[in-house]
K.L.:
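Quick one: the structure is below, questions incoming.
Numbers here simply count residues along the sequence, with the first being 1. Just so you know, ligand 1 is whichever comes first in the structure, and atom 1 is the first atom listed for that ligand.
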Amino acid sequence: MKQKFILSIDQGTTSSRAILFNHLGEMVRVSQKPFEQIFPKPGWVEHNAKEIWSSQISVVTEVLAKQSIDTENVAAIGITNQRETTVVWDRETSEPIYNAIVWQDRRTAKYCDELKELGHIDTIKKKTGLVLDAYFSATKLKWILDNVEGAREKAEAGKLCFGTVDTWLIWKLTKGELFITDVSNASRTMLYNIHNLEWDKELLELFDIPIAMLPTVKESSEVYGNTSIFSSQIPIAGIAGDQQAALFGQMCTKPGMVKNTYGTGCFLLMNTGEKAVYSENNLLTTIGWKINGKTTYALEGSVFVGGAAIQWLRDGAKMVKTAPGINHLAETVEDNGGVYFVPALTGLGAPYWDPYARGALMGITRGTTDAHIARATIEGIAFQVYDIVKAMEADSKEKSVELRVDGGAAASDLLLQIQSDLFGFKILRPKTLETTALGAAYLAGLAVGYWDSIEDIQSQWVIDKEFHPVSNEEKVKDMLHYWHKAVKCAQSWIEE
Ligand code: ADP
């Protein structure tokens, strides 16, 4: 193949990025641009969809210029994106009719409570694999149709398009020729039936969404069409939501394989193969990807406060000057000295799902120092991740044998060592930590034959460092006992 690169478009919540990858799966060049976060009211979060596009196209142009290449050198484009964020635009003019409503936006939480009371929880879980929540696109889309003047009439007349961010970007890249999404993004809308792989008529009726405004759902790796805005056409050939792309970029391609991203929060996904596994432990069932007609499902769980606990120690408690500084401080003590920190600063995610939990610092004595608290903070992240993987194991009946990691806080050797001790298995940190963008690049590259097969790219996943358990089992058992006791103290703290 004469072309040298795959271009990955990584449209995130706070910035748009464009990354060039070469045949070896190495990141060659990157460009990044932040964009405005709009908070019109408490609990509301919006983005200007036109700014999402302009920031994205400007980094694409910049990354090609930096590498001094033209579009002919790009074999394909892969797209990964912030999930669930909802864009509605006019089919004829391509003008958005309202700002994009971001996944974090809570404006439809009350409406979701009403639906729960009306008994819709089980149907939604059965069809979509999701918990009934404002997080997903369905209620955001309904809100736009109900609140933007004239929107509903236009939608019913087939004059509006709905898309998650992937759909919006592809529409712009092809000047409206392609109106598509992929199964992984569709599975986050709460409108998509993850079993028969169709937009669900009953849910469309429930949310009052005209089917005419929905994009066609494609596989995650296929040539969808070509761009029409550059000097030469580039095939668009891969799409996946950010966390699913990361699971693929970590090459967690076999059932039972798990990845965790230690970012501000932590995002865990377990590949469950061709089975959609239902959770008894507040995890989500979602589609990982569909390739060559085969759908791969995943279980997903998230920790709300992961690396953010370290940020709190830095900015709130002012115990460290920088995030990496926590490691030096925590390393000055051998253990937590009996101190446990439950970083439920914004409630607890899976498996507890308790919005009323708050942070708890337990076991403080006269001998406690800032170093013990630093260590307890790192442990608090690792314990939360432990609890989610255990929930995944219980739901999937698969035993994990390793965890693949990425994200900013995965830079902490101490955190990963503690994590390995808790699990009693190895933690693997790959050389390329840009797994999200890499996953999208792989999906696109596979579709155009830039890479031959998944087996072909498997060997590119190279370990930077692995962590093996060294702690004794009794000690770990004791720590887990006190951790779970501390969690109980943190739960249901706030009273309505
Ligand atoms: P996001 O993509 O969610 O914004 P990142 O993946 O960039 O987050 O990760 C940022 C988090 O990583 C921050 O919360 C920060 O506290 C933490 N972090 C960064 N470097 C280190 C380090 N060396 N040790 C521990 N934590 C770190």
K.L.:
With a 3.5 Å cut-off and no angle check, do the side chains of Glu300 and Thr286 form a donor-acceptor pair?
P.N.:
no
K.L.:
Ring of Trp103, cation from Arg188 - is the NZ or CZ under 6.0 Å from the centre and inside 45° of the axis?
P.N.:
no
K.L.:
I'd like the contact residues of ligand 1, where contact means a heavy atom below 4.0 Å.
P.N.:
Gly263, Thr264, Gly307, Ala308, Ile310, Gln311, Ala323, Pro324, Asn327, Gly407, Gly408, Ala409, Ala411, Ser412
K.L.:
Is Arg358 close enough and on-axis enough to Trp493, meaning under 6.0 Å and within 45°, for cation-pi?
P.N.:
no
K.L.:
Can you tell whether the side chains of Glu402 and Arg404 come within less than 4.0 Å, N to carboxylate O?
P.N.:
yes
K.L.:
Could you tell me if Asn81 and Asp242 have a donor-acceptor pair between their side chains, going purely by distance under 3.5 Å?
P.N.:
no
K.L.:
Compare every heavy atom of Trp143 with every heavy atom of Ile101, then report the nearest pair and how far apart it is.
P.N.:
CD1-CE3, 3.9 Å
